[in-house]
Amino acid sequence: MAKPPVLTPQSEDFPRWYQDIIAKAEMADNGPVRGTMVIRPYGYSIWEQMQAEVDRRIKAAGAKNAYFPLFIPESYLTREAEHVEGFSPELAVVTVAGGKELEEPVVVRPTSETVIGEFMAKWVQSYRDLPLLLNQWANVVRWELRPRVFLRTSEFLWQEGHTAHVSEADGRAYAVRILHEVYESFMRDVLAMPVVVGRKTAKERFAGATNTMTCEAMMGDGKALQMGTSHELGQNFAKAFDIGFQSSEGQQELAWTTSWGVSTRMVGGLIMCHGDDAGLRIPPRLAPVQVVVMAVREDDAVIERCRTLAEELLAAGVRVELDLRTETSAGRRATDWELKGVPVRLELGPRDLAEGAVTLVDRIDGTKQAAPLHGITARIVSVLEEAQITLFAEALARRESRTADVRSIPEAVEAASTGWARIPWADLGVAGEAELGNQGITVRCLVMPDGSLPDADDTPGAIAIVARSY
RNA sequence: CGGGGAAUGGCGCAGCUUGGUAGCGCGCCUGCUUUGGGAGCAGGAGGCCGGGAGUUCGAAUCUCCCUUCCCCGACCA
C-alpha cells in the first residue's frame with residue numbers, strides 16, 4: 001500500500017508542487033504583509049551560498065561593496081523621466097514619520113540608481129576617478145501586483161551593482177563582462193543551470209536603460225525565468241544627477257553608467273529548474289549541506305562511526321551534517337533529507353558496519369548502493385562532481401528538447417505552450433511581439449545565431465527567444 | 001482594477017442546502033512498543049467558526065455591510 005506522495009506531483013499541478021516544496025523543505029513562509037516572505041534557515045543558507053559565490057565573482061571583476069540608504073527622497077525618482085514612469089506604480093512611499101507628516105515623502109528604494117547617482121556625482125571629478133565600480137547587498141521593495149514566494153515578492157534581497165565609466169564602450173564592456181563572468185558563470189558552474197544570455201527588446205528594457213541584457217533559464221514546466229540582468233544606462237542617469245568629469249583633454253564630460261543585479265528570485269529558479277517529485281535537488285557546489293551522515297538506529301558503535309565519518313569528510317572539505325536523531329524513524333529522516341535536496345546521504349547502521357560499508361544514496365541520480373567505508377571520502381568527492389555535471393546536463397537536455405525553431409507566430413504560440421520558440425526577430429518584429437503579448441507570451445531576449453549578444457535592437461540576423469514566463 | 005473562488009485548532013479540510021454554540025486527517029504533548037524508506041497503539045492539549053449589524057428562544061449555518069486571502073489577466077529581479 002503506497003503512501004500518498006509527499007508533494008503534489010509536478011505533472012498534476014506545477015504551481016502547487018512549488019508551494020508544497022517551499023513549505024515542506026522549510027525554505028520559506030509567507031509574511032504577514034501581502035507579498036512578503038520569511039526566509040527560513042534552510043532557505044537562507046542557500047541564499048548565503050549564492051551570495052558568497054556571486055560576491056567573490058563581483059570582487060574579481062573589480063567592484064567594491066558599499067551601502068546606501070533604504071530611504072530615498074521622492075524627488076530623486078522623478079529626475080529621470082522613464083525611470084519614474086517605470087517604477088511609480090510599485091513604489092512604497094513613507095509620508096508620515098516621527099508622528100508627523102513629512103515635508104517631502106521618502107520612498108523605500110525599489111532600486112538605487114538614483115541615490116547612488118547622486119553620490120557618484122559628488123565623488124567623480126576627474127577621468128582619474130573612473131571607472132567607479134560599486135556594488136551593494138540590500139533589500140528593495142516593489143509593490144508587485146501578483147506576488148509569488150521567491151519569484152516576485154514585495155520585498156526581496158539582492159545585489160545591485162552600479163558603475164560609472166568614461167565612455168559608452170567602457171560602460172558596455174563592463175556590463176557585458178558582469179553578465180558573463182559573474183552571472184552566466186555562476187549560474188552555469190554553481191547552480192548547474194544553463195542560461196540563454198541575450199539582449200532585451202525595447203519593450204522589456206529596464207526603466208531608464210539604453211540596453212538591458214539578461215540571463216534566461218527554462219524551468220521544469222517549460223516556462224522561462226529571468227535570472228539576472230545587466231543594464232547599460234547610457235548617460236541618462238549621468239544627466240539626471242550630473243555625474244560629470246573632466247577628461248584628459250580638459251573637457252567637461254558626462255559619465256556613462258551601468259547597473260546590474262541578481263536576487264533571491266534565483267532561489268525560486270533553482271527550485272523549479274532541478275526539483276523533482278521527491279523534493280529539491282541542490283547542486284553540490286551550491287549545497288549548504290553536501291552530505292548528510294545518518295545513523296540508522298541507536299547503537300554506540302554506529303554513532304561513533306558516524307562521527308568519525310563526518311570528521312573525515314569535513315577534513316576533506318565536504319560540507320557535512322550529522323543526523324543522529326534515532327528517536328525519529330530512518331524512513332522519515334530519509335524523506336526529509338530528500339525533500340531538502342541534499343546531494344548525498346550516507347546511511348550507516350549495524351548491518352553496514354558489520355560489512356565495513358555504508359549505504360550511499362545519490363539524490364541526483366536516484367541510486368542507492370553499498371559503498372566500502374575504506375576510501376569513502378574519495379568516492380564521495382567524485383559522486384558530488386558527477387552530480388553537478390548530471391544536473392546541468394539534464395537541464396540542458398530539457399531546454400533543447402523543448403525549444404523549437406519556428407518561422408510564424410502561430411507556430412511560436414504552439415511551441416510556447418510547452419517550452420520555448422526561437423523565431424527570427426525579422427519575422428516577428430514589434431508588431432508580432434505585441435500580438436504574442438496578448439496571449440501571455442513574451443520575447444525573453446534576442447540572441448545571434450552563434451549565441452552572442454546583438455549590438456543593437458535591429459542587428460540583422462537576430463533570433464528572438466519567446467516563451468511564457470514567471 | 002477586471003473576471004472567478006475562499007475565510008472553521010499550527011497546516012489541509014468537512015459541517016452550512018433542511019439553525020440546536022464543532023468534527024476529521026496531518027502535526028503537537030505523554031506513555032509503551034518500535035526504528036534498514038514518511039512507525040503502531042493508548043491517552044491528551046489546542047478553536048468565542050475573519051469582523052460588524054440583523055433575523056431567531058437559539059446562528060459556523062439564514063440576511064446585509066465590511067475586511068482579508070487565493071487563482072486567472074495587466075506590472076516585474
Of the nucleotides [options], which one has an atom closest to the side chain of [X]?
{"X": "Ala330(A)", "options": "G36(B), C70(B), G38(B)", "result": "G36(B)"}
{"X": "Arg34(A)", "options": "C69(B), G37(B), C76(B)", "result": "C69(B)"}
{"X": "Trp158(A)", "options": "G37(B), G36(B), A77(B)", "result": "A77(B)"}
{"X": "Arg152(A)", "options": "G36(B), C75(B), A39(B)", "result": "C75(B)"}
{"X": "Leu145(A)", "options": "C71(B), C75(B), G37(B)", "result": "C75(B)"}
{"X": "Glu144(A)", "options": "G36(B), G37(B), A77(B)", "result": "A77(B)"}
{"X": "Ser263(A)", "options": "A74(B), A39(B), A77(B)", "result": "A77(B)"}
{"X": "Arg142(A)", "options": "C76(B), G36(B), G27(B)", "result": "C76(B)"}

Nearest whole angstrom, please: distance from the [atom2] of [N] to the [atom1] of [X].
{"X": "Asp299(A)", "N": "U34(B)", "atom1": "CG", "atom2": "P", "result": "16 Å"}
{"X": "Arg205(A)", "N": "C76(B)", "atom1": "CZ", "atom2": "C1'", "result": "17 Å"}
{"X": "Asp323(A)", "N": "G37(B)", "atom1": "CG", "atom2": "P", "result": "15 Å"}
{"X": "Leu91(A)", "N": "A77(B)", "atom1": "CG", "atom2": "P", "result": "14 Å"}
{"X": "Tyr470(A)", "N": "A74(B)", "atom1": "OH", "atom2": "C1'", "result": "18 Å"}

Taking the [atom1] atom in each of [N] and [M], what is the distance between them to the nearest angstrom?
{"N": "U18(B)", "M": "C64(B)", "atom1": "P", "result": "15 Å"}
{"N": "G37(B)", "M": "G5(B)", "atom1": "C1'", "result": "38 Å"}
{"N": "A53(B)", "M": "U61(B)", "atom1": "P", "result": "14 Å"}
{"N": "C66(B)", "M": "U30(B)", "atom1": "P", "result": "48 Å"}
{"N": "A39(B)", "M": "G2(B)", "atom1": "P", "result": "49 Å"}
{"N": "U8(B)", "M": "A14(B)", "atom1": "P", "result": "11 Å"}
{"N": "C49(B)", "M": "A22(B)", "atom1": "C1'", "result": "8 Å"}
{"N": "G15(B)", "M": "G23(B)", "atom1": "P", "result": "16 Å"}

Give me the one residue out of Val358(A), Leu353(A), Leu348(A) that meets side chain to side chain contact (heavy atoms under 4.5 Å, CB included) with Cys306(A).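 Of the listed options, the one satisfying the test is Leu348(A).
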Run through Arg399(A), Arg422(A), Met218(A) and flag the one making a side chain to side chain contact (heavy atoms under 4.5 Å, CB included) with Val196(A).
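That would be Arg399(A); it is the only one of Arg399(A), Arg422(A), Met218(A) passing the side chain to side chain contact (heavy atoms under 4.5 Å, CB included) with Val196(A).
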Note, RNA chain B 5' to 3' with Watson-Crick or G-U pairs under 3.5 Å encoded as ( ), [ ], | and . gives (((((((..((((......[..)))).((((((.....)))))).....(((((..]....))))))))))))....
Has the side chain of [X] got a donor or acceptor that lies under 3.5 Å from a partner of the other kind on the base of [N]?
{"X": "Lys368(A)", "N": "G37(B)", "answer": "yes"}
{"X": "Asp352(A)", "N": "G36(B)", "answer": "yes"}
{"X": "Thr359(A)", "N": "G36(B)", "answer": "yes"}

Comparing nearest nucleotides in RNA chain B, the 5'-proximal residue of the pair Glu338(A), Arg468(A) is Glu338(A)
* To do: Starting from the 5' end of RNA chain B, give me the residue, Val296(A) or Arg148(A), whose nearest nucleotide shows up first.
  =>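 The residue closer to the strand's 5' end, by nearest nucleotide, is Val296(A).
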| message | Under the side-chain hydrogen bond (donor to acceptor under 3.5 Å, both in side chains) definition, can you give me all pairs with a residue in residues 77-96 of chain A, not counting sequence neighbours? | response |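 Sorted pair list: Arg79(A)-Glu118(A).
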_Under a plain distance cut-off of 3.5 Å, with no hydrogens placed, do Arg444(A) and Thr442(A) share a side-chain donor-acceptor pair?_
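Checked: Thr442(A)/Arg444(A) side chains pair up, N/O donor to acceptor below 3.5 Å.
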Test: [X] and [Y] ion pair at under 4.0 Å:
{"X": "Asp323(A)", "Y": "Arg325(A)", "result": "yes"}
{"X": "Arg57(A)", "Y": "Glu53(A)", "result": "yes"}
{"X": "Arg345(A)", "Y": "Glu347(A)", "result": "yes"}

Looking across every strand, which nucleic acid part, if any, lies under 4.0 Å from [X] by heavy atom: base, sugar-phosphate, or nothing?
{"X": "Arg333(A)", "result": "nothing"}
{"X": "Thr229(A)", "result": "sugar-phosphate"}
{"X": "Pro15(A)", "result": "nothing"}
{"X": "Thr153(A)", "result": "base"}
{"X": "Gly349(A)", "result": "base"}
{"X": "Val267(A)", "result": "nothing"}
{"X": "Arg345(A)", "result": "base"}

By ring pair (Phe, Tyr, Trp, His ring centres under 6.0 Å), Tyr470(A) pairs with (sequence neighbours left out) none
Paired with Lys200(A), the salt bridge (charged side-chain N to carboxylate O under 4.0 Å, His left out) test is passed by just one of Glu433(A), Glu232(A), Glu216(A), namely Glu216(A)
Tell me, do Ile39(A) and Met27(A) make a side-chain contact under 4.5 Å, heavy atoms counted?
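The answer is no, as the side chains (C-beta and beyond) never meet within the 4.5 Å cut-off.
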query: Does OP1 or OP2 of G27(B) have a side-chain N or O of Arg332(A) closer than 4.0 Å?
result: yes
